[in-house]
Amino acid sequence: MPKTMFALSTVALLAAGNAVLAAMDLGSLPTLKSGLWLTTVSNEGMKPTAVSMCIDEATQQRLLMMGQGAMAGLCAKSDLRRDGDAFVFDSDCTMGPMRVRSSGRTTFTGTIAYNTESLTRFDPPLMGRDTMRSMATGRHGGACPADMKPGDVKLPDGRVLNVGNLPGLMALPR
């Protein structure tokens, strides 16, 4: 069951996060400080998940472009507005037979931290759930360790993967 719940939380986060990215002008987002980023994702009714990622400006831009491309054609609605240091989003997307509606808010603390709160609705329900409340917090954790390079993500089980090796990022400029 933990893998099923992890899949559910991943879908909710991708739906919320990519809907924001699909609607944005990349230049409107703050460029996060290069280095190690520590992110914790909490989904209603599930144990929080922590990941760390080494980023630089080029990796961040490739991830933003991937988010935009992933949502192209999937969302009938993708509204975004800036509210001070936050971005408020509302989207209505179709992923296969499922309608995924997300709304939320991402607040930035300069270039060193962010907080995203979202509510995602699934129709039909996904694994028995029709709604999911999620929160993701990220903060700069200093320089990347010597054993990580830009694009490396350390998963909760200790595995490391590089986002540059994921399908969809290969065609993007490096």
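Everything quoted here is computed from the prediction, not taken from an experiment.
Applying the ring pair (Phe, Tyr, Trp, His ring centres under 6.0 Å) definition to pairs two or more places apart or across chains, those involving residues 124-149 are Trp37-His140. Residue pairs meeting the salt bridge (charged side-chain N to carboxylate O under 4.0 Å, His left out) criterion with at least one partner in residues 95-122, sequence neighbours excluded, are Asp83-Arg105, Asp92-Arg99. Every pair tested for ring pair (Phe, Tyr, Trp, His ring centres under 6.0 Å) that includes a residue from residues 46-65 fails, sequence neighbours excluded, so the list is empty.
When only modelled atom types and interatomic distance are considered, Asn43 and Ser134 share a side-chain donor-acceptor pair under 3.5 Å. A donor-acceptor contact under 3.5 angstrom links the side chains of Thr120 and Ser102, judged on distance only.
Here the closest heavy-atom approach between residue Asn162 and residue Pro150 is recorded as ND2-O, 3.2 Å. Between Pro124 and Pro97, the shortest heavy-atom contact is CD-O, 3.6 Å. Ala50 approaches Pro156 most closely through the heavy-atom pair O-CG, 3.4 Å. Shortest non-hydrogen contact noted between Cys144 and Gly35 is SG-C, 3.3 Å.
Residues Leu36, Leu38 make up the rest of the hydrophobic cluster containing Met148, defined by ILVMFWY side-chain heavy atoms closer than 4.5 Å, directly or through other members.
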**Message:** If you apply the rule side chain to side chain contact (heavy atoms under 4.5 Å, CB included), what do you find for Leu161 with Asp152, and how did you get there?
**Reply:** CA-CA 6 Å; Leu161 62 90; Asp152 281 353; over 6 Å; no
**Message:** With side chain to side chain contact (heavy atoms under 4.5 Å, CB included) as the criterion, how do Met135 and Glu44 come out once you've worked through the C-alpha distance, each side chain's angles and the decisive distance to 0.1 Å?
**Reply:** CA-CA 9 Å; Met135 183 184 329; Glu44 184 175 45; over 6 Å; no
**Message:** Apply side chain to side chain contact (heavy atoms under 4.5 Å, CB included) to residues Phe87 and Arg81 and explain how you reach the verdict.
**Reply:** CA-CA 6 Å; Phe87 289 90; Arg81 67 180 171 81; over 6 Å; no
**Request:** Give the intermediate values and the outcome of side chain to side chain contact (heavy atoms under 4.5 Å, CB included) for residues Asn115 and Phe108.
**Result:** CA-CA 7 Å; Asn115 180 57; Phe108 293 92; over 6 Å; no
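A donor-acceptor pair is defined here as one N or O able to donate and one able to accept, closer than 3.5 Å; no such pair exists between the side chain of Arg139 and the backbone of Gly141.
In this structure, the side chains of Thr106 and Phe89 come closer than 4.5 Å at one or more pairs of heavy atoms.
The hydrophobic clustering, which links ILVMFWY residues whose side-chain heavy atoms are closer than 4.5 Å, places Met95 and Phe122 together.
One finds the CG atom of Leu119 at 10.0 Å from the CE atom of Met132 (value rounded to the nearest 0.5 Å). Atom OH in Tyr114 sits 7.5 Å away from atom CG in Leu32 (nearest 0.5 Å). Residue Leu126 holds its CG atom at 4.0 Å from CE of Met98, rounded to the nearest 0.5 Å.
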Extract all donor-acceptor atom pairs below 3.5 Å that involve side chains of residues 52-59 and protein atoms in other chains or at least two apart in sequence.
{"residue": "Asp56", "atom": "OD1", "partner": "Ala58", "partner atom": "N", "Å": "3.4"}
{"residue": "Asp56", "atom": "OD1", "partner": "Thr59", "partner atom": "N", "Å": "2.8"}
{"residue": "Asp56", "atom": "OD1", "partner": "Thr59", "partner atom": "OG1", "Å": "2.7"}

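Under the rule for a side chain to side chain donor-acceptor pair (under 3.5 Å), the partners of Arg159 that lie at least two apart in sequence or sit in another chain are Asp157.
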